[in-house]
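Fair warning: this is a prediction, and the values are worked out from it, not measured in the lab.
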Amino acid sequence: MDNNLQDYSHKRYNILTGEWVLVSPHRAKRPWQGQNETISNEQRPAHDPSCYLCARNTRINGEINPDYKDVFIFTNDFAALQTTSPIFSVNDGLFKAESEQGICKVICFSPDHSKSLADMEVEDINKVVEAWQKEYILLGSNEMINYVQIFENKGAVMGCSNPHPHGQIWSQSTLPNEVEKKDQHQKSYYDKNKRSLLGDYLKQELEVNERIIYQNDDFVVLAPFWAVWPFETMIVPKKAYTNITELSASESLAFAEAISKITKAYDALFQTSFPYSSGIHQAPTNGENNDHWHWHMSFYPPLLRSATVKKFMVGYEMFGSPQRDITAEQAVDRLKALVK
Ligand SMILES: [Zn+2]
């Protein structure tokens, strides 16, 4: 790798979105005088009577959660998208709008209120993976649904209101912005080369071996060359599958293992339950040919240099491009040492 990338400001290209990130490695040593976050490392009980996600508790709409033993899924009581919205569009001069229908679900990863994915056994994470697969099929087969977004918002720093281990699945009639960009870039590469864009990228990453954090037979965990967040990572299947339902049983387990490895390394990094937003980008369920898709899972963690210093996307990031100081390679060196 060109040494200039570790010493001088430059911008890196995101092949999936067509966007650039500004990297300023020379700034990484400047002193921090900004805001410190308060991170709670308190031990939580296995069952919290006031938590609306714990088993047997009553949710705000009056429904009682079942006495679930592993994964529990329900339709979001305050969904951002609804199936009952009328279909309409607005085309009034320069005012343009379209109706959007969808279904939003909440998925509890475990009945144990005190755990996170990082604390769970690989077999139990695999139950979450299997539930994601079922929901992708179930929601995706709905005529109205053309895209299924699986994600997790973890930690108060990320605005997550409930510490119970859970994620969300928002499914909708159109492709959201990030997915639309990735769809287009993967499609144009595939049409031209007849190969997966991420497959070729993965090949190059494995050859140079500078940003690989962990790999097993079926998956690679790496910091993408174009990573924006200080400790951003991506889990990529070695085979160019378009969606998570194409995994065999043993590949699902290998995916769960990869999730376990990276989330454990994250928690070890600053000795804290590491906050992040993670999400899976995969082929739309629009009934079209989506052979150009190579699904992947991304982790966007906000912490910068300790459990209490958060990276803010403000100022230049809002008005120009995302910017980072520590390089992806420096982040990889630290995470790699923590993979057990
Ligand atoms: Zn709970």
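Between the side chains of Tyr201 and Ser196, no donor-acceptor pair is found at a separation under 3.5 Å. In the model, Asp325 has a side-chain atom that pairs as donor or acceptor with a side-chain atom of Gln323 under 3.5 Å. For the residue pair Thr242 and Asn290, no side-chain donor N or O sits within less than 3.5 Å of a side-chain acceptor on the partner. For the 3.5 Å distance criterion, the side chains of Glu152 and Gln168 fail to qualify, holding no donor opposite an acceptor. His164 and His113 are linked by a side-chain donor-acceptor pair at a separation below 3.5 angstrom, with hydrogens and angles left out of the test.
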Please step through side chain to side chain contact (heavy atoms under 4.5 Å, CB included) for the pair Gln133 and Leu247, ending with a clear verdict.
-> CA-CA 9 Å; Gln133 291 167 332; Leu247 297 174; 3.9 Å; yes

Checklist entry - What do the steps show when you test Tyr147 against Glu180 for side chain to side chain donor-acceptor pair (under 3.5 Å), and what is the final call? => result CA-CA 10 Å; Tyr147 186 71; Glu180 182 72 47; over 6 Å; no

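Between Tyr276 and Phe274, the distance separating the two ring centers is not shorter than 6.0 angstrom.
No donor-acceptor pair closer than 3.5 Å links the side chain of Asn153 to the backbone N or O of Cys160. Here the side chain of Thr327 pairs a donor or acceptor atom with the backbone of Gln330 at under 3.5 angstrom. Side chain of Asp70 to backbone of Asp124: no donor-acceptor contact under 3.5 angstrom is found. Looking only at distances, no side-chain donor or acceptor of Ser260 sits under 3.5 Å from a matching main-chain atom of Ala256. With hydrogens and angles disregarded, a donor-acceptor distance shorter than 3.5 Å links the side chain of Glu251 to the backbone of Ser248.
For Trp295, the ring-ring contact (aromatic ring centres under 6.0 Å, His included) criterion is met by Phe219, Phe255, not counting sequence neighbours.
Atom CG of Asn61 is surrounded by more than 12 heavy atoms from other residues, nucleotides or ligands within 6.0 Å. Counting non-hydrogen atoms of neighbouring residues, nucleotides and ligands closer than 6.0 angstrom, the CD atom of Glu207 exceeds 12 such neighbours. Few gaps surround NZ on Lys194; more than 12 heavy atoms of other groups in view lie less than 6.0 Å from it.
For the atom pair CD1 of Ile145 and OG of Ser171, the computed distance is 3.5 Å after rounding to the nearest 0.5 Å.
Leu5 is listed as a side-chain neighbour of His10, based on a closest heavy-atom distance under 4.5 Å. With a 4.5 Å cut-off on side-chain heavy atoms, His294 and Gln186 count as touching.
In this structure, Trp170 and Phe151 have perpendicular ring planes: the angle between them is above 60°, well past the 30° mark.
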